[in-house]
Number of protein chains: 2
Amino acid sequence: MDTNPPDHSINFCQACAIRNRAICADLESAEIDLLNKIGSRRRLKPGEQILWEGEEAVLVANVIEGVLKLSTQTVDGKEQILGLAYPSDFLGRPFGSTTPYGVEALSDAHVCTFRRSDFERFAREHPRLEHKLLERTLSELDRTRRWMLLLGRMNAEQKLASFLLETSERLTPADCAFTMDEAPMQFTLPLTRQQIADVLGLTIETVSRQFSKMKKDGLIDLPTRREVTILERAALEDLAG
Amino acid sequence: MDTNPPDHSINFCQACAIRNRAICADLESAEIDLLNKIGSRRRLKPGEQILWEGEEAVLVANVIEGVLKLSTQTVDGKEQILGLAYPSDFLGRPFGSTTPYGVEALSDAHVCTFRRSDFERFAREHPRLEHKLLERTLSELDRTRRWMLLLGRMNAEQKLASFLLETSERLTPADCAFTMDEAPMQFTLPLTRQQIADVLGLTIETVSRQFSKMKKDGLIDLPTRREVTILERAALEDLAG
DNA sequence: CGTCCTGTTGAGGTGGGTCAACATTCGTGG
DNA sequence: CCACGAATGTTGACCCACCTCAACAGGACG
């Protein structure tokens, strides 16, 4: 495994690409220095796992780059992806003893990890960090609840349309100047068809068929398996509801 | 509407039935007095709504007694219940501008409400409260993610079995001495068939058929529409997976 | 060039949705 | 207390969206 050893020669947090969006956003310079001291960075390859469902929760982390999946399994082995983590998202379960889901990198990824005990101590001593984490957790809960509507009440077409729209938005950095309202936009899916199926609660065949249908209908183009071009965003939004 | 005016003649929080489970659990006596001053109690009838999806978030609340539902609707009018709130659960969206879901009482209910701005100010001044809220939100996020597995990957039978087990547990106060491991246990459903369907992402007919099937198979009994007796808990757990 | 892996497409089956008739319970007012 | 109508729940018949199984296609990589 290429777990890089902690390197404190420069202050990572200060320079961090996601600094103004992550939980450390509101901290003061001195606090950031401290946080930097207890964290270490780690690079992950696609498929590499950093948290295991049910294991003792020893790590928490911040996503700096890449996409990761949070997932769990049914007794009969079917997987359900519980969520995707993008840059600035928080991973792990502070203030709880076991990690409730597995976390695996989908793309090359870069995370900032903390020993849970270190992180918790720091959080308790710095209410501002804890407040930021609370806001983030509340937002994540909102997002997760919206996803329940998708799983419980949408058909395959609506699910895929919603997924493509959400993915295109989350892959576009928030500070990006181009709003791209109606412009065709292209991106690389961080997931295989199987993983998309696991996110949407569908089978791989159904996902594939819906992709083909949307392409035939001219809503999207599929230059390669992993590339998607949204041609008719408004139409997709109609489908998604 | 029978909105009771705030009544500060006695200190509600100190005497509160859910005091040791709710977010105020770790507060000191003096803090509780303060919190008590900014909150007011309110009784709700079944069907009465206290938060509306999309409206400006002006209230947050703690459930003291009863069961409430959090829900949202699709464009085509189908409802999806996002969660149920039981005593000691927290309602509303602090640190956000709009309430992301509607909240309606399912049974006679009793809540302790705060103006969001008051609550937020209090929380920021009392990190212990904020910490408690964070822990609660993290747990709720875990619970919600487990529910996603149910919605995305379970069939009707598994969904209903899981629902009955969870409901029986949440209706049994945690401090109840009887663990009732294998004993037959009875409880009153706080939801109509339609609402159960909305929780599970099913239709009312499918819910009804699954109830009938479980009764025929001797797993449960249904003395009245609202009463359920679990006869074979182990078998239900097998079904739920 | 062959093997492996991922994705696509087709054919057919089925779980649960839809529509409809009926049953039961509840609420209201006589 | 009963009578009536409305609301809620049950059951049956049918259908369709999605799942299952299976064959095949296209890259990636040795």
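For the numbers below, each heavy atom of this structure counts, side chains included, while hydrogens, waters and symmetry mates do not. Numbered from 1 within each chain, the chains take letters A, B, ... in sequence-line order.
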For residues Thr72(B) and Gln80(B), is any side-chain donor paired with an opposing acceptor at under 3.5 Å?
-> no
Going by atom types only, do Ser168(B) and Arg233(B) share a side-chain donor-acceptor pair under 3.5 Å?
-> yes
Counting only side-chain N and O atoms of [X], is one of them less than 4.0 Å from OP1 or OP2 of [N]?
{"X": "Arg209(B)", "N": "dT11(D)", "answer": "no"}
{"X": "Thr206(B)", "N": "dG16(C)", "answer": "no"}
{"X": "Ser212(B)", "N": "dT11(D)", "answer": "yes"}
{"X": "Arg225(B)", "N": "dT24(C)", "answer": "no"}

Within this structure, what is the [atom1]-to-[atom2] distance between [X] and [N], rounded to whole angstrom?
{"X": "Lys216(A)", "N": "dT8(C)", "atom1": "NZ", "atom2": "C1'", "value": "15 Å"}
{"X": "Asp198(B)", "N": "dG16(C)", "atom1": "CG", "atom2": "P", "value": "17 Å"}
{"X": "Lys215(B)", "N": "dT10(D)", "atom1": "NZ", "atom2": "C1'", "value": "11 Å"}
{"X": "Ile196(A)", "N": "dG7(C)", "atom1": "CD1", "atom2": "P", "value": "8 Å"}
{"X": "Leu191(A)", "N": "dC5(C)", "atom1": "CG", "atom2": "P", "value": "20 Å"}
{"X": "Glu157(A)", "N": "dC18(D)", "atom1": "CD", "atom2": "P", "value": "9 Å"}
{"X": "Leu222(A)", "N": "dT9(C)", "atom1": "CG", "atom2": "P", "value": "10 Å"}
{"X": "Arg153(A)", "N": "dG17(C)", "atom1": "CZ", "atom2": "C1'", "value": "11 Å"}

Donor-acceptor pair (no angle test) under 3.5 Å: Glu205(A) side chain, dC18(D) base = no
Which of the following nucleotides, dC19(D), dT8(C), dT11(D), is nearest to the side chain of Thr203(A)?
->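 Nearest listed nucleotide: dC19(D).
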Which nucleotide, dG16(C), dT10(D), dT8(C), lies nearest any side-chain atom of Ala156(B)?
-> dG16(C)
One thing to verify: whether [Y] and [X] come together as a salt bridge, which I'm taking to mean a side-chain N less than 4.0 angstrom from a carboxylate O.
{"X": "Asp217(A)", "Y": "Lys213(A)", "value": "yes"}
{"X": "Glu157(A)", "Y": "Arg209(A)", "value": "no"}
{"X": "Arg42(B)", "Y": "Glu48(B)", "value": "yes"}

